[in-house]
Structures are given as C-alpha cells and as structure tokens.
Amino acid sequence: MNCFSSVNYILAIAEARNISIAAEQLKISQPALSAQLKKLEKELGAVLFDRNKHPLEITEAGKIYLDYAARYQVMNKEFTQHLADLSELKSGKLTIGGAASFNVSYLPETVAEFTKKYPGIDLDIVDGSIPEIAAKTLSGQIDLFIASTLEPDDRLNYEELLEEKIFLCVPSQWELNDDLVKWQIPVEDIIGGEYGAGEELPAVNFTSFKDSTFILLNRDQQIGHTMNSLFDKYDFDPKKTVMAEQTMTSYSLTLAGVGISLMTESTIRYSNFKEHPKFYMADLQICKRKIYVAYSAQKYLSTAARTFMDLLEKNLRQ
C-alpha cells in the first residue's frame with residue numbers, strides 16, 4: 001500500500017486540528033476518518049497526532065510524514081507530466097493560478113483556445129491571493145500563475161506578458177464630472193485600445209478629487225499600492241475611505257456611487273461590464289503595471305505549461 005495515498009486526510013486533520021471538523025470538510029463520516037488515521041498509524045508504526053491535546057497537535061512523526069508526502073506528490077506530478085509530454089499533448093493535467101480578477105481578465109480566451117486544441121489536457125483554474133498562489137506553485141501544486149509583482153521571488157521565473165494602464169474610476173452620477181469632461185477617457189476607447197499611448201493620453205489633475213471618498217485596497221495588492229502612490233505624490237490623504245478586499249468589489253462600489261477606485265484596462269476590456277463609471281488617467285508614470293506569467297524555477301515545466309504560456313502571450317499582445 002502507498003502510505004501517501006492518505007495524505008489529504010492527514011492534511012485536513014492537521015489544518016482543522018479536529019477529526020470531526022476534518023471529516024465534515026472531507027465529506028466523510030468521523031468514524032471513517034478515525035479508522036483511516038488509525039490504519040495509517042499502524043502501517044507507519046508511529047502516532048501522527050497527540051489525541052490528549054485539544055485541539056489536536058501534530059507529532060514530530062506527523063510533521064515528517066507531511067514533509068515527505070509533499071515531496072512525493074511533487075515527484076509524482078513531475079513523473080506524470082514527463083509521461084504526458086511523451087503523448088504530445090494528448091493527455092495530462094495543467095493547474096493555473098492567480099487572483100480572481102487576474103483569472104477573469106486574462107485567462108478566458110486562452111483557456112477556450114487551449115481546451116479546443118488540446119482536449120486531452122485537463123485544466124484546473126485556482127483563485128487565491130498571490131502569496132497563497134505563489135506558495136502552491138513553489139510546492140508543486142500549481143504549474144503557473146498570472147501575477148503583477150512588486151517584489152520578485154528568486155525561486156520563481158517571470159515572463160512578461162504585457163504592460164497596461166490603470167484608470168481612475170469615478171461614479172458617473174457625481175457632479176464633479178461635469179467640470180472634467182475634457183479629461184474623461186471614453187470606455188469605447190479603452191475596450192478598443194484606441195486612446196493613444198504615452199503622453200498623448202490626457203491626465204487629469206489628481207488633486208481635483210482630494211475632497212472625495214476613495215475605495216482602498218491593501219497596500220500589498222498592486223492596485224492598492226498604486227492608489228497610495230498617488231496620495232504620496234500629490235501630497236494629500238483622502239478625507240473619507242472605504243476598504244475593500246477585491247478590485248471587483250471596489251469597482252461595484254464605484255458603480256453604486258460610493259467612491260473612487262482604480263481598475264486596469266484589461267479588466268475593463270475583457271470583463272463585459274454592462275455599466276461603467278467615468279474613467280480618467282490620473283498619472284502616466286504611476287498608473288501602469290506589468291503583467292507576468294510565473295512558474296517555479298526549481299521544478300519541471302511541462303510541455304503543456306509552456307504551450308499554454310506561449311498561447312497566452314500571443315493572445316494578450318494582439
């Protein structure tokens with residue numbers, strides 16, 4: 001018997017620190033999970049959890065088991081990918097990660113084309129925060145992910161896909177838009193990429209909004225970092241703010257008239273929004289970002305992954 005076949009059960013117990021809760025998450029009965037744990041411990045000749053502690057504590061043997069199980073899973077995945085490569089993309093599996101807003105904005109067209117060309121390759125799309133996605137990539141759970149990185153990780157390889165602009169989104173119902181008409185960027189021009197480049201794009205005076213409400217994201221997110229860079233450069237703090245966790249949430253709040261947010265041109269272009277706020281370019285130097293595809297520098301990159309990356313680059317640069 002492969003002792004690592006039960007790793008998902010052990011991981012669930014280690015994370016929940018409670019067998020009943022882990023069983024519920026795994027959608028199996030508590031007695032069945034307890035029996036599986038006891039069977040594995042008997043096979044290993046070691047106790048994996050200290051049942052006298054509440055919540056449960058993983059033992060040193062349990063930590064060693066999970067460490068080797070993680071290595072086994074990576075090796076097994078690489079083995080499977082090598083065999084799949086021999087099949088010339090007729091079979092295999094590819095797991096792609098990214099923040100939800102990235103996946104919505106950049107992946108659909110390429111996923112549709114890839115699955116049509118290579119129906120034998122199973123695709124999994126994983127949403128999460130970039131730190132979570134990067135950690136899963138380094139552990140071998142994810143093959144590649146879309147990122148806009150502020151601090152590159154030396155353990156990852158990055159390949160630039162595109163550079164895009166970030167637009168200031170102002171509620172369309174706000175009266176101050178009436179005085180700023182000549183600086184507004186038509187949504188049709190953003191979607192069509194027809195607004196011009198570089199200095200040709202009109203930049204509104206950001207201080208025009210200093211008395212407005214702003215919707216903020218965390219500084220460790222690219223959009224949150226960009227907004228704070230604007231406040232720093234133009235030397236004012238917003239008088240009122242609303243915090244949001246996701247760019248899509250901030251955009252929805254702008255549409256509802258709550259406050260000003262930021263949104264990238266790719267998200268505006270590809271997300272098929274039915275409603276739009278008023279768009280402005282706040283600063284030609286600050287309001288831009290580069291998008292990368294990232295993958296582990298230490299693990300095998302399958303032919304399927306490379307093929308998907310090439311296709312993604314082609315589609316995003318059209």
Side-chain angles (χ1 to χ4, degrees), residues 7-8 27 73-149 156-164 190-193 222 246-248 251 263-274 289-318:
V7 65
N8 290 334
K27 295 183 172 23
Q73 288 180 316
V74 170
M75 291 182 63
N76 189 53
K77 183 175 183 178
E78 289 189 1
F79 170 70
T80 303
Q81 287 175 329
H82 274 283
L83 291 182
D85 285 350
L86 294 177
S87 73
E88 298 181 344
L89 297 177
K90 293 179 182 177
S91 65
K93 182 177 180 180
L94 184 61
T95 304
I96 302 165
S101 59
F102 288 177
N103 291 345
V104 168
S105 301
Y106 309 115
L107 292 183
E109 181 181 359
T110 301
V111 168
E113 186 175 349
F114 186 87
T115 53
K116 184 176 181 180
K117 285 184 175 180
Y118 310 106
I121 305 294
D122 294 329
L123 279 184
D124 281 352
I125 311 296
V126 179
D127 294 336
S129 69
I130 294 303
E132 293 171 343
I133 296 297
K136 289 182 178 179
T137 301
L138 291 170
S139 70
Q141 300 174 63
I142 289 175
D143 296 297
L144 58 94
F145 67 97
I146 310 299
S148 173
T149 181
L156 296 168
N157 288 329
Y158 298 87
E159 296 187 18
E160 184 178 335
L161 295 172
L162 77 158
E163 181 175 276
E164 63 177 350
I190 297 175
I191 293 174
Q222 179 75 50
Q246 300 291 336
T247 53
M248 292 298 185
Y251 191 82
M263 184 62 76
T264 64
E265 62 179 287
S266 292
T267 303
I268 297 167
R269 183 175 299 159
Y270 297 119
S271 296
N272 297 316
F273 296 121
K274 294 181 180 180
R289 71 175 182 183
K290 291 183 178 181
I291 297 298
Y292 302 86
V293 59
Y295 54 93
S296 174
Q298 304 163 345
K299 293 183 172 57
Y300 178 71
L301 185 69
S302 68
T303 301
R306 170 49 62 189
T307 301
F308 186 91
M309 289 162 55
D310 292 343
L311 192 59
L312 182 64
E313 181 179 1
K314 175 183 73 73
N315 288 337
L316 292 180
R317 292 190 176 183
Q318 285 180 345

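Residues meeting the salt bridge (charged side-chain N to carboxylate O under 4.0 Å, His left out) test with Glu132, sequence neighbours left out: none. Considering only residues two or more places apart in sequence or on other chains, Ser296 meets the side-chain hydrogen bond (donor to acceptor under 3.5 Å, both in side chains) condition with none of them. Taking the side-chain hydrogen bond (donor to acceptor under 3.5 Å, both in side chains) definition, one finds that Asn103 meets it with Asp127, sequence neighbours left out.
Rounded to the nearest 0.5 angstrom, Ile268 CD1 and Ile190 CD1 are separated by 4.5 Å. With rounding to the nearest 0.5 angstrom, the OG1 atom of Thr264 is 4.0 Å from the OH atom of Tyr106. Here Thr110 contributes atom OG1 and Ile146 contributes atom CD1; the two are 8.0 Å apart, rounded to the nearest 0.5 Å. The distance from the OG atom of Ser101 to the CD atom of Gln222 is 11.0 Å, given to the nearest 0.5 Å.
Closest approach of Leu162 and Ser266 over heavy atoms only: CD1-OG, 3.9 Å. The two atoms that bring Leu144 and Ile142 nearest to each other are O-CG2, 3.2 Å, heavy atoms only. Residues Glu160 and Glu313 share a closest heavy-atom pair of O-OE2, 4.4 Å. Annotation for Ile191 and Arg269: closest pair O-NE, 3.2 Å, computed over non-hydrogen atoms. Between Ser148 and Ile291 the shortest heavy-atom distance is CB-CD1, 3.7 Å.
Taking the side chain as every heavy atom from C-beta outward, Thr267 and Thr247 never approach each other to under 4.5 Å. Side-chain contact check for Tyr118 versus Leu94: every heavy-atom pair is 4.5 Å or farther apart. Looking only at side-chain heavy atoms (C-beta outward), Lys117 and Leu311 come within less than 4.5 Å of each other. Annotation: side chain of Lys290 is not in contact with side chain of Tyr158 (no heavy-atom distance under 4.5 Å). In this structure, the side chains of Phe308 and Ile96 come closer than 4.5 Å at one or more pairs of heavy atoms. Residues Tyr295 and Met309 form a side-chain contact, since some pair of their non-hydrogen atoms from C-beta on lies under 4.5 Å apart. Two residues are said to be in side-chain contact when any heavy atoms from C-beta on lie closer than 4.5 Å; Ile130 and Phe102 meet this criterion.
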Go through the steps to decide whether Leu312 and Leu107 satisfy the test side-chain contact (heavy atoms from CB on, under 4.5 Å), and finish with yes or no.
CA-CA 7 Å; Leu312 182 64; Leu107 292 183; 4.3 Å; yes
Carefully, step by step, assess Phe145 and Leu156 under the rule side-chain contact (heavy atoms from CB on, under 4.5 Å).
CA-CA 11 Å; Phe145 67 97; Leu156 296 168; 3.8 Å; yes
Going through the checks in order, is the side-chain contact (heavy atoms from CB on, under 4.5 Å) test met by Thr307 and Phe114?
CA-CA 9 Å; Thr307 301; Phe114 186 87; 4.2 Å; yes
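Looking at Thr115, its side chain does come within 3.5 Å of a backbone N or O of Ala112 through a donor-acceptor pair. Put simply, the side chain of Asp143 gets close to the backbone of Thr95: a donor and an acceptor are under 3.5 Å apart.
With salt bridges taken as basic N to acidic carboxylate O contacts below 4.0 Å, one links Glu113 and Lys314.
Taking a 6.0 Å sphere around NZ of Lys299, one finds it holds more than 12 heavy atoms contributed by other residues, nucleotides or ligands.
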